[in-house]
Every structure is written in C-alpha cells, then in structure tokens.
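So you know, we letter chains A, B, ... as the sequences are listed, proteins then strands, and number each from 1.
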Amino acid sequence: MKDRFYVTTPIYYVNDVPHLGTAYTTVAADAFARQRALRGMATRFLTGTDEHGLKIDRSAKERGQSPQAFVDEISGAFRSAWPKLRCQPSDFIRTTEPRHKKFVQELWSKCAANGDIYQGEHEGWYCVSCEQFYPEKDLAEGKTCPTHKKPVEWMKETGYFFRLSKYQDRLLALYEQRPEFVQPEGRRNEVVTFVKEGLKDLSISRTTFQWGVPVPGDDKHVMYVWFDALTNYLSAVKDSEHAAFWPPNLQLVGKDIVRFHAIYWPAFLMSAGYGDDLLPRTVFAHGFLTINGQKMGKSLRNTVEPVRLAEYFGADELRYFLLREIALGQDGDFSHKKLISRIRSDLAATLGNLLNRTLPFVVKHFDTTVPSPDASFDGEREAHLRKRFAELVDEAKTAWDHFEPHRALECAIALAIEGNGYFDARAPWVLAKSPERKAELGAVIYNVLEVLRACTVLLWPALPDKCDALRAQLGLAALLPIAGVDKWPSEWGGMAPGAKLNPGGPLFRNITKDDEAKILADFGVTDGETKVTDATTAKAAEKPNAHANPAATPAAAAAPAPVSADGVAIIGIDDFTKVELKLGEVKSAERVPKSDKLLKLQIDIGEAAGPRQILAGIGLAYKPEDLVGKKLVIIANLAPRKMMGHESQGMVLACGPSESLSIVTIEKDIPVGTRVK
RNA sequence: GCCGGUGUAGCUCAGCUGGUUAGAGCAGGGGAAUCAUAAUCCCAAGGUCGUUGGUUCAAGUCCGACCGCCGGCACCA
C-alpha cells in the first residue's frame, strides 16, 4: 500500500463551467499525484463530473436539450479544461456512465442487504411546479415556492432512508483512532462535534425526478445525489484493473463538503462491509478563494476564468501561484498583482535568472558541456551549499507528505536563492578572467548546475512543462516518473560531466512595471481591486467546488426523520384562545450584536411591570430607530426563550420574506395592552 | 449563546514539547557587484509578539479573564 497513491477531487456538478475554485482543487490534486509519482509510487488521480439531479434535468429542458446531451456538453468542458492547466487525471468519471451506475446500485444493494436502508415517509413542503420539497426556511412569503411563488403543499412521499444513526459510534471511533482521517485539524474537530451531537437518518431517494440512478428493484425512485456522487471514487477503480489502488490516500474537497466526505461517505462504506482499513486514508479540506479580496461571485469569476489566466500567464505559472501562495487548508486570495509578483520574483528573477546567468559560462568556457566537479576547490561556501541542499530537499519532501505544497515550493525556491548567493560569492566572472583558474571555474559552475537540476525535480509537481524545458537546457531528459524509482533528489552530483547542454531563451517572461499596468488594465483590475458592478450580488458566497448540489444542501440532504411533523391542522376556537395576542408599542429597539436579523425590542403592553423585552428576527426589514413608537401585535403568553444570549418574553407577529417583511399592526388608535382577537 | 481556531515587522506568514540579541519572503531604505530578462548579492532599519492578570529562575511559547477577527453549531417564537 505504501507504494501506491490514489488521489481524488470531488466530481464537479455540471450546472456550472470550470472556474478558479474547481481549478484550484484539480491543480492541487494533480500536483500531489505528480509529486508522489516522482517518489516512485504508482499513482492514480481521479476527477470527473456529477451529472444527475433535478437541477440538471431542468437546465437541459430550458435549453431544449435532452439531459444527456446537456451533461455531455458541460462534462466535456471540464474534461478539456484540465489539460490546459497541465492537469493529467488518470481517469475521468461521469456519474452517467454505465460503470458508475452499475456500481452504485451494487453498493446500494449491499447496504440494503445489511439492513441499513429502509422505506419511510418523507414529508414536507412541496412545490408541484418544481416537483421538489423545500425546507420551511427556504419558502417565500406565505408558504409559497421561492422560484414559482405558488403555494406549496404539505406532501408525504414514500422514500428510502439510510440508517446513518447506526454508525455514529463507529465514526467517532474512526476519528479517534485515525486523526489523520479528516484534515486540517480544525475541520476534524468540527466533524467530531457534529457527529457527537447526533446523526439523523438520511433520505437517499427521490421520486420527484427521474434523472438519476434508479433504486434497485424499485425504479420509481432514483438515488439522491450524495449516495450517487460519493460512490464515484469507488466505482472508478473497484471493478477494474486498478482495484488495488483502493482506498484513496487523499481525497481533496472544499471545506463546504467535508461533512459529506467525512461522515456520510465512510458510513456508506462501513454499511457496505468495508473495514476500517478499506476506508479512505485522508479527507483533506482546502479553503476558499477570494478574488482580489472579494468573495467569488459569478461576475468576479469571469475575470479569473482559469483557462484564460493559463493562456495569458502560462499554465505552469498559474499552478505555481495557486500552490505557493495559498496554504492548502486555509482560505486564500487570488489577485493578478500577487500572481505577477510571484512570477517576477520567484520564477523569473530567482530561478530563471540563475539558469540564465550560468549558461554563458558553460558556452564560453566549456564548449556548452557540463564541466567537471572538483572537490579540491571545496571550501566553506561549498559545504554550506551542500548542507542547504540536503536540508531543503528533505524539508520539501516532508512538506508534501504533510499536505503543505506551499512550504514544499518555498523550499525549492529557497534552494535557487542559495544558488544565487553561492554564485555571487564565488563570482565566476572573476574566475573566468584567469585562464589558470579554469578548473575552479568549472567546479563552481558544476555546483550551480547541480542546484538547478535539483530545482527541476522539486518544482516539477507545480511546474511540469517549465521544469522539463529547464532540464532540456541543462541537457537532461524530461522527467518521467517510474513506479518503483524514487527520483526525488537525494544525492548530490547528478549532472554528468561532459554532457552537452542546450541553452535556450529565458524560461519566464519578465513582467516589467509597464507590462503590469497594461495587464491589470486588460483584466479590468484597478488599484488591486477588480471592478465589480454588482459587488453586492457577489456577496452571496460562491463555493469553489461545484459538487454541492443546491438541492442537496446540508439542510435538505439531512432530511427529517420519517416521523410526523406539524402539518396544517384544523383547530377549534379554544385552541386559538390559548394564544394571548396583545397590542404593544415599541419603546426602544436595538440590534443584537453579531446577528443579522435579530432586534431586541422593549415593548409596552400596558403591564404595570413595564415594557417587555422581546426579540424579533426582523432586522433585515426594519431599522431599530424606525420601529420606536410603532404599534404592533405580539404574543404575550409565549414561554420566555433565550436567543443569542438574550431573553425574549414573547413574539412579534410579522409576515413576508425576511428582507421585506412587515410587522402586523392596526389601523385605528387603540390603547396598548388591548387583547387582539 | 455554545464549541473550535486565531491575533507576531507596512503586507503575507514561520516560530516544535517554555530557555542566548523574536525569524523569512514581499514592499520601502542604503550599499556591492556587473555573469544575467535593471535580474542578483549584502547590510541596516522596522515588532510593548491583541490587552491584562498569573505560574516559573525564565513565556510570543503554559494558565485565567477580556477585546478583535474567522469558522462550526444553535437561534432568528
């Protein structure tokens, strides 16, 4: 197992084209695959597309296409995008492929055979037009569908449920025994907390649409997205000649979908009979990207369309930036300025220049061949260089092992900086003036070439083409990982004296200040800020991973247990009179800190004890100062309740969507404290 | 409100199990060099290590409280 490495990205939901967020995940996965391959591991890198669900079905219809034609097109856009970023997945799986569907059904049957799938009733608010259930909080004004504005109905539907609750203890044991299972640590803690709070069974089928994998033996139902989608990691290898790659060593996911990968996914596998040693090794959650400091809304995404960036700046340059600038697992910011700065200082000035200043000596004094090393010229400088070489090569390796590409790449550039320092200290241009010192010159140049050689390996996971181009100039073959052969530089002295070099042009474009201004203008960036006309709409958090089906947000996917909820029951007058509604007047109002909606109101309802403190979630529609003096209707006999640390002694009546709701008031002047009935 | 994280030079961040003058990169300042895409190298400067108590011979590093920011959960009756 140690010699194999299987890395996955989420499969991307085809309701959107590839953007920088998906590119980030894919590039990172590709870099890990390349790095492990260089170390001699047999590697497998899987990505693909998630193609089922109501939303796809509907999008296809809107475009007058069959769902299959629609997903073929978008999936193709993903498949063709990755090579443009020099990503080389070893497989690309689509959930609409027979190999996948067959496998999901098998997995389902195994879970069912183990008694973990049962039929139950799923009920909730249902929009006939959408053919979809909505959680209560997503409903628009007056219990209507958020898209159609038509009244929703309380519906019951028979569906299948997965006995997630059964796996709570086993999951907790897994997190306990294998702390590396969810990373970074912060995410792990969140997962553990979530599971400890109790797991509800999961609704895993739908009859409201057909575009999905049919439930075995009951094809009125299709599987709900997460059961279908998560299984891709398994179906891509299990029944193939690559079965030995199971389980995945690294599953890269965005932080928004950790829960599905760290809780539901292992539970499905456990249910299907997979032992702990056959569960994924590590689910690693990376952070989100902002664009020039702003959340990645759709309009912002367009300005950083990854293929365009790659074509403009170079795929390798973009990859390097994403991996070097941002700590995997932390949120990061993409900005054109920072990208340019990285290219300029790390790549062109440090690495490119080291090559560029070395080659003329090789050409002029050594007939464009590698000069001979000569230990007799070794001094303090050389000792230092060797020491740093060994340290940095080792640190870089460790960093990759710890899922820290940014540190690994920092080490690689640090080695190039050491090379430049050594170059200056030994001043080959001075040595070159004395013909009798030619052997010493050769020894110095050899050492520099050796540093460059090591750099091409250390940087290859991020910069495959550039490193191969650099190697070509050094007269070295392009790197070709071979299983069982560790090519990570461990030994000093890989350059062969006498070998021919092939000096070429500069590897990296030098971006001057003038160029920079022009580039920023091309991309519509001013003062480091992308122009956004609709910055407020961009506020809606966009997720870098398209995997999360909007219809499968945590609230929806963690469906209510199949027990009855409150429907719209008929009540008698006596039930109504239990509710004491009173007219009140707002005496003062203030926002509750850290809450968007909650206002703390002091409301006079004619009680001798003075005004009541009541909290109301109306802060989006009303400013506190506008409420003072207003009369409104409250429920006076509601049990007091604490919200966000403040006690509420009643409830304010209001209706409408939260941004524009209206409080319930009266139209004649009636004294406060009067009962409303 | 509960839980977790975090707050270190202008910016982005390192600082492991507490121990000499708190580090790096970038930006800015000075200098050297001139092999190289005006790229490189060196030097100096720059920090009350969020605030405040405490433990200790010794704390950025441990403990308490508070403040700020971020995240998860809950809540929005």
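Between A/E190 and A/T358, the residue whose closest nucleotide on RNA chain B is further toward the 5' end is A/T358. Closest-nucleotide positions on RNA chain B for A/M651 and A/A416 were compared, and the one nearer the 5' end corresponds to A/A416.
At whole-Å resolution of the value, CZ in A/R259 and C1' in B/G71 are 13 Å apart. One atom, NZ of A/K337, and another, C1' of B/A27, lie 11 Å apart when rounded to the nearest Å.
Side-chain polar atoms of A/Y320 and A/E325 form no donor-acceptor pair below 3.5 angstrom. No side-chain donor from either of A/T398 and A/D401 sits under 3.5 Å from a side-chain acceptor of the other.
Residue A/G421 is classed as a sugar-phosphate contact, given heavy-atom separations below 4.0 Å to backbone atoms only. In this structure, A/L507 reaches the bases: a heavy-atom distance under 4.0 Å links it to at least one base atom across the strands shown. In this structure, A/P428 reaches neither bases nor backbone, as no heavy-atom distance under 4.0 Å exists between it and the strands shown. Among the heavy atoms of the strands lying under 4.0 Å from A/R187 are primed sugar atoms or P, OP1, OP2 only; no base atom is included. Nucleic acid contact for A/I417: sugar-phosphate only, since backbone atoms but no base atoms lie under 4.0 Å from a heavy atom of the residue.
Between A/F313 and A/H336, the ring-plane angle classifies as tilted under the 30° and 60° cut-offs.
For the contact set between residues 349-356 of chain A and RNA chain B, defined by any heavy atom under 4.0 Å, the members are A/A349, A/N353, A/N356.
No side-chain heavy atom of A/F403 sits less than 4.5 Å from a side-chain heavy atom of A/L252.
Nucleotides B/C13 and B/G47 place their C1' atoms 14 Å apart, quoted to the nearest Å. The separation of B/G68 from B/G30, taken at their C1' atoms, amounts to 37 Å, rounded to a whole angstrom. Nucleotides B/G46 and B/G28, compared at atom C1', are 10 Å apart to the nearest Å.
For A/N510, the side-chain atoms get nearest to B/U37 when compared with the rest of B/U37, B/C35, B/C26. The A/R357 side chain lies nearest to B/A36 when the options are B/C76, B/A36, B/C26. Listed nucleotides B/G15, B/G71, B/C73 differ in distance to A/R407; the shortest reach to its side chain belongs to B/G15. Proximity note for A/F194 (side chain, C-beta onward) versus B/A33, B/G71, B/C73: the nearest is B/C73. For A/E197, counting side-chain heavy atoms from C-beta on, the closest listed nucleotide (B/C73, B/G71, B/U37) is B/C73. Set against B/A14, B/C35, B/C41, the side chain of A/Q330 has B/A14 as its closest nucleotide.
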Check the pair A/R344 / A/E516 against salt bridge (charged side-chain N to carboxylate O under 4.0 Å, His left out), numbers first and verdict last. CA-CA 10 Å; A/R344 179 158 47 209; A/E516 179 171 342; 2.8 Å; yes
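Checked for salt-bridge contact, A/R407 and A/E410 miss the test: no charged N lies under 4.0 Å from a carboxylate O.
Pair assignment for B/A24 gives B/U12, based on Watson-Crick or G-U wobble hydrogen-bonding distances that are each under 3.5 Å. Look at B/G4: its Watson-Crick or wobble partner, with both distances under 3.5 angstrom, is B/C70.
Distance check, rounded to the nearest 0.5 Å: CD of A/E440 to CG of A/L431 gives 5.0 Å.
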